[in-house]
Number of protein chains: 2
Amino acid sequence: MNTRDRILDVTTELFRRHGYNGTGLKQIVAGANAPFGSVYHFFPGGKEELGEAVIRRAGQMYLEVIEAIWDAAADPRGGVRDIFHGAAAAMVETDYIDPSPIGTVALEMASTSEPLRQATADVFESWIGYSAARLEAAGADPKRSRELAIAVVALLQGAFVLGRALRSPEPVEAAGRAAVSVVAAALTR
Amino acid sequence: MNTRDRILDVTTELFRRHGYNGTGLKQIVAGANAPFGSVYHFFPGGKEELGEAVIRRAGQMYLEVIEAIWDAAADPRGGVRDIFHGAAAAMVETDYIDPSPIGTVALEMASTSEPLRQATADVFESWIGYSAARLEAAGADPKRSRELAIAVVALLQGAFVLGRALRSPEPVEAAGRAAVSVVAAALTR
DNA sequence: GTCTATACTTTGATAGAC
DNA sequence: GTCTATCAAAGTATAGAC
């Protein structure tokens, strides 16, 4: 794998464990077996530019995972259920590392770095927009599909916070059942 | 106000904006107009002990706010609705500072500091336990009241993440309507 | 593009005078 | 209890050889 991708991979992993401020550039180059100068070669804007790239790449990867799950699911309820089940399983397997680095960076940096805040906002909007479109296609009221999608994404992000704090998959499972119930209610109306 | 409380207040405020790792001890003593040594006088365990005190105090304060809202509300739906309305208003008023420092610290530190992780877990459990008891008293199935309470807390925390990233009260309002709908469904069954 | 060395700043923490 | 001075380590960033 090339140096740039190794740097991105290691930084993503470190952000998931320690967030943006908790991750040092020295840790990153050590983990990526890269010379220190390479970070500034590939990301001239330094840590902030690297962080933004990590957020946007992780957001895109997750969007593709969500798309694949929706495509494989029989109906919207099944799609939502599978997304939360997958996330719960991932948390247990990884010893409760945050499934995605995005929520942590959003909370840490929204008041500090406008480029990073904007990157997290763009990612969340992409998830919300995609989910709203799928819910609408499944029969949800167009006027309520965005609100519904926001609730599902909020349940997922909030469940990550609780699951990580409690070191348990229970919050993700509970949030998943709530998400299915909210979606089901909107579709049978 | 005494020095110890000033330190706690300033640290809470800084955690809400920049999280645990983004807040320096020097910033704290500058903001609190306190000598540097006072931090170690009142919190011999250093930053970690101070952080734990901030988390537990904020968690207790929020629990009391939630209790007051429940007591004032006509029914559970109203209580849940008021909690989210209040949070949305607070975010707008404070230019989208995180309403509480707890979620950020939980995500940042869960894999790094066991005392801080435990403190965030204890706070979330106290919110979940109290909310579950109120829902149960209102007629929710005892077997489902905990799951319901977890979903409401997850919606709230997730909405903070999204609201902060998007700089909008929309996610908190949307999550609030979803929370009311989930609670209402569980009570009319 | 790779790698090393280094500059400069900020961090958390400690010692000791008052 | 208050306050100052200072430390060692870690933080980001840069320069320049190869």
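Each chain gets a letter, A, B and so on, in the order the sequences are listed, and its residues count up from 1.
- Within residues 1-12 of chain A, no residue places a heavy atom under 4.0 Å from DNA chain D.
- Rounded to an integer number of Å, the gap from A:K26 NZ to D:dT14 C1' is 13 Å.
- Shortest non-hydrogen contact noted between B:L187 and B:A138 is CD2-O, 3.9 Å.
- Within a heavy-atom distance below 4.0 Å of DNA chain C, no residue of residues 106-117 of chain B is found.
- Pairing each heavy atom of B:L135 with each of B:A149, the nearest pair is CD1-N, 4.0 Å.
- By the salt bridge (Lys or Arg N to Asp or Glu O under 4.0 Å) test, B:E173 is found to be paired with no residue, residues two or more places apart in sequence or in another chain being considered.
- Protein chain B contacts DNA chain C from C:dT11 to C:dT14, reading 5' to 3' and using non-hydrogen atoms of the protein with a distance under 4.0 Å.
- A heavy-atom distance below 4.0 Å to DNA chain D is reached by these residues of residues 17-24 of chain A, ordered by number: A:T23, A:G24.
- Applying the side-chain contact (heavy atoms from CB on, under 4.5 Å) rule to A:R146 yields the partners A:E125, A:I128, A:I150, B:E170; only residues at least two apart in sequence or on another chain are considered.
- With respect to the salt-bridge test (charged N to carboxylate O, under 4.0 angstrom), the residues B:R17 and B:D95 do not qualify.
- Contacts of B:V123 classified as side-chain contact (heavy atoms from CB on, under 4.5 Å), with partners at least two apart in sequence or in another chain: B:I55, B:I102, B:W127.
- For the side chain to side chain contact (heavy atoms under 4.5 Å, CB included) with B:Y20, the qualifying choice from B:T11, B:L14, B:L116 is B:L116, the only one to do so.
- Within residues 31-51 of chain A, the residues approached by DNA chain C to less than 4.0 Å at the level of any non-hydrogen atom are A:P35, A:F36, A:G37, A:S38, A:H41, A:F42, in residue-number order.
- Every residue was checked against the salt bridge (Lys or Arg N to Asp or Glu O under 4.0 Å) condition with A:D141, not counting sequence neighbours, and none meets it.
- Among residues at least two apart or in separate chains, side chain to side chain donor-acceptor pair (under 3.5 Å) pairs with a member in residues 113-122 of chain A are A:E48-A:S113, A:R56-A:D122, A:E114-A:R117, A:Q118-A:D122.
- Residues satisfying the side-chain contact (heavy atoms from CB on, under 4.5 Å) criterion with A:R134, sequence neighbours excluded, are A:W70, A:D71, A:Y130.
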Distance-only donor-acceptor pairs under 3.5 Å for side chains of residues 24-42 of chain B, two or more places apart:
none

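- Using a 4.5 Å heavy-atom cutoff, the side chains of B:R16 and B:T104 are not in contact.
- The shortest heavy-atom contact between B:A178 and A:V182 is O-CG2, 4.2 Å.
- No side-chain N or O of B:T23 forms a donor-acceptor pair with one of B:H18 less than 3.5 Å apart.
- A 4.5 Å side-chain heavy-atom check between B:Q157 and B:F124 finds at least one atom pair inside the cut-off.
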